[in-house]
Amino acid sequence: MLSLRGVRKSYGGTPALRPVDVELAAGELVVLTGPSGSGKSTLLMIAGGWETPDGGEVVPHPPLPDLPVERMSWQDLGFVPQSISLFEELTLADNLALARGSAGGGELLEALELGHLAERRPGEVSRGEQQRAAVARALVASPALVIADEPTSHQDHRRAQLVLGLLRAAADRGAAVLIASHDPAVVSRADREIRLGAGAVTRG
Ligand code: ADP
Ligand code: ADP
């Protein structure tokens, strides 16, 4: 479903990713761990097509959105960016409708305890609620590939379990799900852990 082969990236001559190989199968939930600065976000951005690797290949070639996150094709890829990146001028419900290409997503908002906030704009809800809305947006079009950068970072334990339950369910329906996280709750729900250290795979 997703294959990174010999992918490397440097910023200003400093390697952020040494050549790494990562394989992700349909139906698999994989967590990417490692200390801050170990290259997790860089790997996710390359997998999603927002960063171009200096070498190696990503298969299938990401849609290379060349677009802000808000306007990408959510049918191809569900993405939960660390920055959340909702459309500030749209309600939560309309952010989902834009990703899905039609209305709907009410059940997902309910499942994430956002049903009562559907008509609010991102600036009118908490950071945790914005992050759960970003998770709902990533899942609403049932993409075959889901990439999430620290999707529980603003959640309490109970809400983190709601988020994880939905990401787990997406994998159980056949999606490939790749999550960067430090959260032990995420690691415990994953099928497999890939650990990065200084831009290289140190485990997995
Ligand atoms: P993680 O997500 O594991 O914290 P990152 O992928 O964000 O790691 O960062 C890996 C390394 O690449 C770090 O040393 C970071 O400072 C550097 N880096 C990441 N993005 C950029 C960028 N846009 N410009 C310069 N350096 C960057
Ligand atoms: P969370 O449990 O996501 O951390 P908070 O404790 O920050 O939520 O917020 C509690 C309540 O206050 C939430 O229901 C949220 O909708 C509301 N709230 C938080 N921040 C804002 C805001 N900037 N504008 C309007 N309502 C807010």
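The basis for the numbers below is simple: all heavy atoms, side chains too, and nothing from hydrogens, waters or symmetry mates. All ligand and atom numbering here is 1-based and tracks the order in the structure. Since the structure is predicted, the reported quantities are computational estimates derived from the model, not experimental observations. When a residue number appears, it is its place in the shown sequence, counting from 1.
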Under 3.5 Å, is there a donor on one side chain and an acceptor on the other for Thr42 and Glu51? no
Of all the heavy atoms in Gly37, does at least one lie under 4.0 Å from an atom in ligand 1? yes
Can you name the nearest heavy-atom pair linking Pro81 to Arg137, along with the distance? CD-NH2, 4.0 Å
min-distance protein heavy atom vs atom 5 (P) of ligand 1 -> Thr42 OG1, 3.7 Å
At under 4.0 Å between heavy atoms, what of Pro35 touches ligand 1? The answer is backbone
Donor-acceptor contact present, side-chain Gln75 to main-chain Arg100, <3.5 Å: yes
Look at atom 12 (O) of ligand 1 and say which protein heavy atom is nearest, naming residue and atom and giving the distance to 0.1 Å. Ala16 CB, 3.2 Å
N or O contact, Gly39 vs ligand 1, cut-off under 3.5 Å: yes
Can you confirm whether Leu17 sits close enough to Val7 that some side-chain heavy atom of one is under 4.5 Å from a side-chain heavy atom of the other? yes
Please list the nearest protein heavy atom to atom 24 (N) of ligand 1 with its residue and the distance rounded to 0.1 Å. Tyr11 CD2, 3.5 Å
Counting only non-hydrogen atoms of the protein, does one fall under 4.0 Å from atom 16 (O) of ligand 1? no
Take atom 27 (C) of ligand 1 and look for protein heavy atoms under 4.0 Å from it; say yes if you find one, no if not. yes
Under a plain distance cut-off of 3.5 Å, with no hydrogens placed, do Gln155 and Thr152 share a side-chain donor-acceptor pair? no
Counting from 1 in the order shown, the ligand 1 atoms closer than 4.0 Å to a non-hydrogen atom of Ser38 are 1 (P), 3 (O), 8 (O)
Quick check: does Ser41 get an N/O under 3.5 Å from an N/O on ligand 1? yes
Of all heavy-atom pairs linking Leu114 and Ala133, the shortest is CD1-N, 3.5 Å
Any side-chain donor near an acceptor of the partner, Arg158 and Gln161, under 3.5 Å: no
